[in-house]
Amino acid sequence: MTPEQFLSDFHEVAQIGATPNQGVDRQAATPEDRLTREWFRAFAERRGWEVRVDGIGNQFAIVDFHPDAAGDTPCVLLGSHLDSQPLGGRFDGAYGVIAGLHAAARLEDRVRSGDARPAVNLAVVNWFNEEGGRFAPSIMGSSVFAGLMDEAEMLAVRDLAGVSVREALEAIGYLGTDARPTVASYAEVHIEQGRILERESTQLGAVDYSWYTQKLDIEVLGEQSHTGATAMADRHDALVAASQVILKVHDVTARYEAEALVSSVGQLTLEPNSPIVVARRVHLVADLRAADQAIVADARATLLEQIDAIARERDVKINVRDFDVRDNQHYPESGIRLAEEVAAELGVSARRIRTMAGHDSVAMNRIAPTVMMFVPSVDGVSHCEREFTRDEDLVTGVAVLTEIGWRLLQGALEPSGVAGVGGAAAGAGAAR
Ligand code: HGY
Ligand code: MN
Ligand code: MN
């Protein structure tokens with residue numbers, strides 16, 4: 001499989017769910033998501049690979065080097081996610097899945113042309129609902145696979161229209177029952193979604209750790225009333241209180257060094273959302289992230305006090321719940337070094353880099369030796385139609401992922417032999 005074939009495949013998938021300004025809208029378990037899943041399956045079946053779908057919609061293509069082996073031969077797993085944010089970028093996630101498919105094809109060709117058959121198998125994964133835009137929390141499919149989230153609980157999660165994950169996966173025909181592969185090790189290549197590699201003209205980031213992340217689920221409860229006939233003194237306006245909360249979530253970043261904490265409210269629902277009715281309820285989701293967990297903890301404590309004061313001032317009730325809490329993940333030194341070594345051998349400039357964004361590798365790093373890599377993002381933008389990475393950088397990432405896949409097949413990182421855990425169709429083994 002050549003770099004030209006990779007680019008042709010990548011740009012073909014970018015047409016699925018394409019939006020007017022070069023973005024994509026392929027939210028989890030939508031018809032557009034189904035189309036990319038069909039594309040994934042067609043690629044695998046053309047290669048004669050077995051395709052499996054597990055109980056939370058994770059999709060696997062298995063390159064079986066040991067067809068006569070009894071039981072489930074552990075797999076080196078390569079992949080990422082094909083789902084996107086609403087009006088999102090065509091690179092986030094999809095790049096890593098298509099790179100995984102092409103790396104696996106190149107590795108299979110190497111074995112077919114006589115290179116030593118590895119002791120383990122190889123698989124490519126498209127994780128369900130990494131983005132968490134339609135169904136919260138994010139990183140859902142890989143977290144269920146890793147035993148960090150409960151499958152039944154996640155299948156019951158509903159979107160804003162009240163559709164459950166289970167119903168949505170059934171509707172696209174991807175509520176699977178297949179056994180999860182046993183994972184020896186995992187590697188993922190992803191766009192950086194930041195500016196560091198571009199600013200430093202570096203081709204590859206070897207990710208060493210992930211930022212501490214948590215969401216706050218905030219419910220503001222006021223009282224409906226007539227916008228024209230209710231005296232101001234009598235109002236319990238949930239939207240005014242929510243607006244103050246939103247600004248506090250932003251302003252709390254000023255308590256710390258510049259860029260030490262990032263925070264936003266990205267989702268708001270308003271009830272009853274009528275121009276003639278004072279809002280009775282507002283639901284908000286706030287996202288807090290920092291390299292240092294203590295900063296997130298301090299910001300959270302500050303916000304809880306400020307939210308209490310707003311509730312008293314506005315005479316409304318405000319409920320706050322922590323969720324989607326992800327502590328710092330440190331990737332194994334041996335994997336970071338492997339990425340640096342391979343980059344050096346391939347003449348690719350590389351540096352260590354942290355990730356502020358969450359990824360499926362953050363979940364997988366909890367159960368198997370994991371290598372996470374970045375390629376540059378132009379202007380560092382992501383989760384928007386303007387997201388962009390140059391073809392040559394995409395192609396470089398595939399070459400590095402392929403060579404890393406080869407080393408992992410040779411046992412470069414001690415295999416974990418841990419199966420996908422949790423859920424009905426789980427394999428054996430438990431999270432480390
Ligand atoms: O949560 C994240 O950072 C990812 O984009 N889903
Ligand atoms: Mn992603
Ligand atoms: Mn994303």
Side-chain angles (χ1 to χ4, degrees), residues 27-30 33-34 37 52-60 77 79-83 85 93 125-183 186 210 212-219 266-267 269 283-289 300 319-327 329 358-368 418-432:
Q27 298 178 60
T30 57
D33 185 28
R34 181 180 61 78
R37 290 163 168 270
R52 294 188 198 170
V53 180
D54 74 4
I56 192 71
N58 294 318
Q59 190 179 23
F60 303 91
L77 199 51
S80 190
H81 61 92
L82 285 168
D83 69 305
Q85 290 292 344
V125 58
N126 162 30
W127 296 113
F128 170 70
N129 189 32
E130 187 279 346
E131 290 293 8
R134 180 184 181 192
F135 298 109
S138 54
I139 315 185
M140 186 182 279
S142 50
S143 295
V144 168
F145 181 93
L148 309 175
M149 291 179 191
D150 176 76
E151 181 178 277
E153 225 175 280
M154 290 304 115
L155 286 169
V157 165
R158 293 186 182 278
D159 65 11
L160 293 180
V163 178
S164 71
V165 166
R166 174 187 296 281
E167 290 158 350
L169 282 171
E170 276 170 345
I172 65 166
Y174 275 90
L175 181 65
T177 55
D178 297 334
R180 292 176 170 135
T182 299
V183 181
Y186 177 70
S210 63
Y212 186 89
T213 298
Q214 81 152 92
K215 309 288 193 325
L216 289 175
D217 181 294
I218 303 168
E219 182 185 45
Q267 188 177 63
T269 46
H283 178 254
L284 308 168
V285 178
D287 187 338
L288 301 172
R289 305 190 189 202
R300 174 185 175 278
N319 301 318
V320 183
R321 178 174 62 87
D322 298 302
F323 85 103
D324 206 358
V325 179
R326 298 196 291 252
D327 59 14
Q329 277 297 302
H359 300 287
D360 296 303
S361 66
V362 166
M364 290 306 289
N365 187 52
R366 306 280 284 266
I367 65 164
V418 172
V421 293
R432 266 191 330 186

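We use all heavy atoms of the structure for the numbers below, so side chains are in, but hydrogens, waters and symmetry mates are not.
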Which pair of non-hydrogen atoms, one from [X] and one from [Y], has the smallest distance, and what is that distance?
X	Y	answer
Ser80	Asp360	C-OD2, 3.9 Å
Asp327	Tyr212	CA-CD1, 3.4 Å
Ser164	Ala156	CB-O, 4.2 Å
Arg180	Arg52	C-NH1, 3.9 Å
Ser138	Lys215	OG-NZ, 3.9 Å
Asp83	Gly132	OD2-N, 4.4 Å

Is there a donor-acceptor pair under 3.5 Å between the side chain of [X] and the backbone N or O of [Y]?
X	Y	result
Glu130	Gly93	no
Asn58	Trp127	no
Arg326	Ile139	no
Asp178	Val53	yes
Asp33	Ala28	no
His359	Ser361	no

Working to the nearest 0.5 Å, report the span between [atom1] of [X] and [atom2] of [Y].
X	Y	atom1	atom2	answer
Ser142	Ile367	OG	CD1	9.0 Å
Leu169	Met154	CG	CE	13.0 Å
Leu216	Asp287	CG	CG	9.0 Å
Glu151	Arg166	CD	CZ	8.0 Å
Gln214	Phe323	CD	CZ	9.5 Å
Asp54	Gln59	CG	CD	10.0 Å

- Message: Using the side chain to side chain donor-acceptor pair (under 3.5 Å) criterion, which residues pair with Glu131? Sequence neighbours excluded.
- Response: Gln85, His383

- Ring center gap for Phe145 and Tyr186 short of 6.0 angstrom: no

Find out whether [X] and [Y] are in side-chain contact, i.e. whether some heavy atom of one side chain is under 4.5 Å from a heavy atom of the other.
X	Y	value
Val320	Arg300	no
Val165	Asn129	no
Leu155	Val144	no

- Task: Would you kindly say whether Asp217 and His283 are connected by a side-chain donor-acceptor distance under 3.5 Å?
- Result: yes

- Does the pair Arg158 and Glu167 meet the rule for a salt bridge (charged side-chain N to carboxylate O under 4.0 Å, His left out), with working shown? CA-CA 9 Å; Arg158 293 186 182 278; Glu167 290 158 350; 3.4 Å; yes

- Message: Between Gln27 and Asp159, is the side-chain contact (heavy atoms from CB on, under 4.5 Å) condition met? List the steps.
- Response: CA-CA 11 Å; Gln27 298 178 60; Asp159 65 11; over 6 Å; no

